[in-house]
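Below you'll find the structure, written out as structure tokens, and then a few comments.
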Amino acid sequence: FYSPRQSNGEDPSHHCFPKPFGNSVVSPCWHFLTIESLKFYGVAALQAATFAFVVHLMQTLMILIIGFISFVSLPFVNKTRRQ
């Protein structure tokens with residue numbers, strides 16, 4: 001979860017720089033930028049981190065559900081186009 005400083009004293013923004021292999025680069029950057037943007041407008045860090053986590057979770061679930069529905073509907077769509 002987000003904390004203003006890591007336990008080793010490093011700034012969490014170092015996660016935004018790409019690594020050749022390893023963890024996703026987009027997710028930590030999105031969380032960091034969302035949290036910092038909300039803090040700029042006066043939202044507390046904990047509420048901003050919760051918001052970033054929930055929105056990212058909902059977006060991920062939405063993509064998975066819509067992708068599954070699309071995958072399942074492909075045979076029906078292709079069947080009607082062949083006839």
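In this chain, residues are counted from 1 in sequence order. Values below: all heavy atoms of this structure, side chains included; hydrogens, waters and symmetry mates excluded. Keep in mind the model is a prediction, meaning the values are calculated, not measured.
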About how many Å separate CD of Glu36 and OH of Tyr41, when rounded to the nearest 0.5 Å?
13.5 Å
Under the rule for side-chain contact (heavy atoms from CB on, under 4.5 Å), what residues qualify as partners of Ile65, not counting sequence neighbours?
Ile69
Could you tell me the separation between the CG atom of Leu74 and the CZ atom of Phe76, rounded to the nearest 0.5 Å?
10.5 Å
side-chain contact (heavy atoms from CB on, under 4.5 Å) with Leu61: which residues, sequence neighbours excluded?
Leu57, Met58
Residues forming a side-chain contact (heavy atoms from CB on, under 4.5 Å) with Ser37, sequence neighbours excluded
none
By side-chain contact (heavy atoms from CB on, under 4.5 Å), Met62 pairs with (sequence neighbours left out) Ile66
Apply the hydrophobic cluster definition, ILVMFWY joined by side-chain contacts under 4.5 Å directly or through others, and give me every member besides Val72.
Phe68
Closest heavy-atom contact between His31 and Ala52?
NE2-O, 4.1 Å
